[in-house]
Amino acid sequence: MSLPPRSDTPSIIDAGPIVLDAPDMEPAKGGAHLDAMNISAWFGSNKVLELVSLSMNPGTVTALIGPSGCGKSTFLRILNRMHEMVPSAKLAGEVRLNGEDIYGPEQRVTETRKRIGMVFQKPNPFPTMSIAENVIAGLKLTGRKERRAERAELVERSLLRAGVWNEVKDRLDEPGGALSGGQQQRLCIARALAVDPDVLLMDEPCSALDPTSTGRIEETISELMSEVTIVIVTHNMQQAARVSQRCAFFLAEAGTPGGIVESGSTEKIFGDPDDLRTKDYVHGRFG
Amino acid sequence: MDVSVSPVDEPRTIHPGTPRVDRVFHGSVRAVALVVLVIFGAIGLFLGAKSISTFHLYGGRFLTESDWEPSLNRIGISSTLLGTMLVALTALIIAFPLALATALYISEYAPARLKPALVSLVDVMAAVPSIIYAAWGFFLLMPHMIGVSHWLHQYLGFIPLFRVDTDPNAAVLAQARYTGSMFIAGIVVSMMVLPIACAVMRGVFAQAPIGEREAAYALGGTRWGMIRTVVLPFGRGGIIGGTMLGLGRALGETVAVAIILSAAFDFKFRVLENGGSTISKLIAERFGDATTVQLAALLTAGFVLFVLTLIVNTIAAIFISRSRSGAATEA
């Protein structure tokens with residue numbers, strides 16, 4: 001299907017409003033301010049993102065929507081420095097966590113990733129570990145020592161927050177891989193929460209799950225919203241409409257790098273978007 | 001149409017309908033695979049059959065007697081079997097950490113541009129003929145190892161394994177006592193075990209799922225933390241299996257051991273001391289001038305080695321296939 005004629009400006013990089021208000025330097029309660037500023041990204045010489053700016057605020061769920069290959073997953077991975085794991089990956093711009101550039105020379109990548117957790121498309125619990133061990137795997141990985149009682153409490157609290165405690169509390173010693181896909185994904189959310197991040201990034205967390213499990217994860221997202229800043233990539237329009245308060249529509253038109261066409265409140269993006277392409281996409285007319 | 005016939009509610013035969021090309025190919029590869037199995041089985045049967053007369057003649061003494069002195073009709077392999085295991089174990093103890101570290105470096109740390117070069121370098125190590133390792137060990141390594149052996153004897157001599165029948169603090173060092181030992185032979189064999197073990201381990205490490213690796217990094221893990229939580233648990237089967245395959249190689253190594261190890265048939269654990277024997281060395285050296293009875297005895301020794309290697313490799317195969325990584329390769 002071909003794209004409808006553009007209604008307005010020829011630029012596809014009509015980035016949403018860049019919020020440049022002085023971010024408070026104290027880690028905000030219930031999440032942190034995450035500001036992406038003029039992010040461009042390349043794989044080798046192939047530019048996949050161009051000058052993307054977006055503010056993700058505490059207490060809100062920000063959904064990144066758009067067709068496949070528009071760079072939203074790349075953008076998400078840039079937000080916690082997973083992008084640089086790909087050998088040929090490069091980027092420009094800044095990502096500020098409560099005002100501080102996470103790519104600054106004095107920043108430790110491990111520290112950044114601890115503060116900005118991630119949940120992946122495919123549930124990936126550590127299969128040789130038990131459910132409880134999976135939850136506290138982050139402590140082991142970052143060399144944090146906890147006493148036995150604290151550990152048990154952390155396991156329970158994290159599984160509760162991820163909304164999976166009741167289903168697994170009687171089999172904490174069983175391997176994590178034995179759970180259903182939806183439970184595994186919530187175990188992964190618990191694992192990410194156990195290191196107490198300020199931001200939680202979710203890369204299509206429900207695309208491998210059935211509708212019931214998807215519903216449970218969406219409930220979990222709504223419950224976590226007040227505690228941690230959430231950014232979610234999703235292909236599912238209804239999901240974006242259900243869980244998010246802010247929305248950014250990514251698009252990469254033939255041969256050009258991806259960018260944000262429009263961002264704003266979810267209500268506006270779905271109800272009365274400024275850009276015709278956004279309107280067409282959210283109404284399922286392409287993509 | 002007659003609709004009154006009740007349907008047959010039973011599993012029906014399904015004809016596979018395999019195309020002819022597939023059937024022909026299937027048949028020919030199966031035939032080739034069978035030939036390999038038959039040859040292998042024939043070797044075992046041949047050695048086993050030849051061993052019957054030896055066991056008739058010497059009975060259990062063949063396994064307990066340490067000396068190999070056909071002129072006195074004293075023939076046994078206890079010292080030789082022990083020597084085989086000690087040389088192999090020495091080789092393994094040296095090769096295991098080297099192989100593990102090399103495999104981890106190549107799969108996890110080496111820059112992408114360097115990787116192919118390192119991989120082929122290790123593969124070349126496996127392709128070097130053992131006579132070259134033997135020459136290296138004899139002319140280059142041995143003179144330098146005397147000091148090491150002496151040092152180990154001096155400070156760890158209270159452990160039976162490190163004892164040597166000489167005074168470690170003598171004014172003039174009895175250098176000859178430290179040459180031609182199982183220890184030095186083991187070091188040389190370790191060089192041949194290393195590439196095999198390393199190749200298996202590296203192959204398994206490289207298969208550690210990217211999803212789990214990323215999960216570890218996304219939690220703030222360091223690279224070493226990721227290796228400990230993802231790569232090593234995933235590769236456990238490969239680590240054990242690769243080592244056991246290497247052990248199989250070490251048990252059978254002939255030329256290098258024959259050249260380096262001075263012949264002696266004492267039942268001893270003193271690896272640093274001059275002298276020792278292994279089954280393959282024994283066969284290689286005594287084969288030429290053996291009488292019929294001796295020949296049968298040598299083949300029996302070979303049979304014992306064959307069975308030992310078979311057991312080791314079978315255990316290795318079990319470990320590899322039971323591990324996650326091995327199961328994944330088979331699927």
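All heavy atoms count here, side chains included; hydrogens, waters and symmetry mates do not. Here is the naming used below: chain letters follow the sequence lines, and residue numbers restart at 1 for every chain.
Considering only heavy atoms from C-beta on, Glu212(B) comes within 4.5 Å of Pro127(A) through its side chain. In this structure, the side chains of Phe234(B) and Thr128(A) stay at 4.5 Å or more apart for every pair of heavy atoms.
Atom CZ of Arg171(A) is surrounded by more than 12 heavy atoms from other residues, nucleotides or ligands within 6.0 Å. With a 6.0 Å radius and a threshold of 12 heavy atoms from other residues, nucleotides or ligands, Phe319(B) has its CZ atom at or below the threshold. Residue Tyr155(B) places its OH atom among 12 or fewer non-hydrogen atoms of other residues, nucleotides or ligands, all under 6.0 Å distant. Under a cut-off of 6.0 angstrom, the local environment of CZ in Phe43(A) is crowded, with over 12 non-hydrogen atoms contributed by other residues, nucleotides or ligands. Under a cut-off of 6.0 angstrom, the local environment of CD in Glu10(B) is sparse, with at most 12 non-hydrogen atoms contributed by other residues, nucleotides or ligands.
Nearest heavy-atom pair across Ala218(B) and Asn80(A) is CB-ND2, 4.4 Å. The minimum heavy-atom distance linking Leu219(B) with Leu141(A) is given by the pair CD1-CD1, 3.9 Å.
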Checklist entry - Checking side-chain contact (heavy atoms from CB on, under 4.5 Å) for the pair Met118(A)/Glu214(B): CA distance, chi angles, key distance, verdict? => result CA-CA 9 Å; Met118(A) 190 166 206; Glu214(B) 291 201 326; over 6 Å; no

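Looking at Lys122(A), there are no atoms closer than 4.5 Å to chain B (heavy atoms on both sides), in backbone or side chain. Interface remark: Pro125(A) contributes backbone atoms only to the contact with chain B (heavy atom separation under 4.5 Å). For Arg191(A), the parts lying under 4.5 angstrom from a heavy atom of chain B are both the backbone and the side chain.
Atom OH of Tyr217(B) and atom CZ of Arg113(A) lie 8.0 Å apart (nearest 0.5 Å).
Contact tally against chain B (heavy-atom pairs below 4.5 Å) for Thr110(A), Val119(A), Leu201(A), Thr112(A): the top residue is Thr110(A). Between chain A and the options Pro111(B), Ala112(B), Ala215(B), the largest number of non-hydrogen pairs under 4.5 Å is found for Ala215(B).
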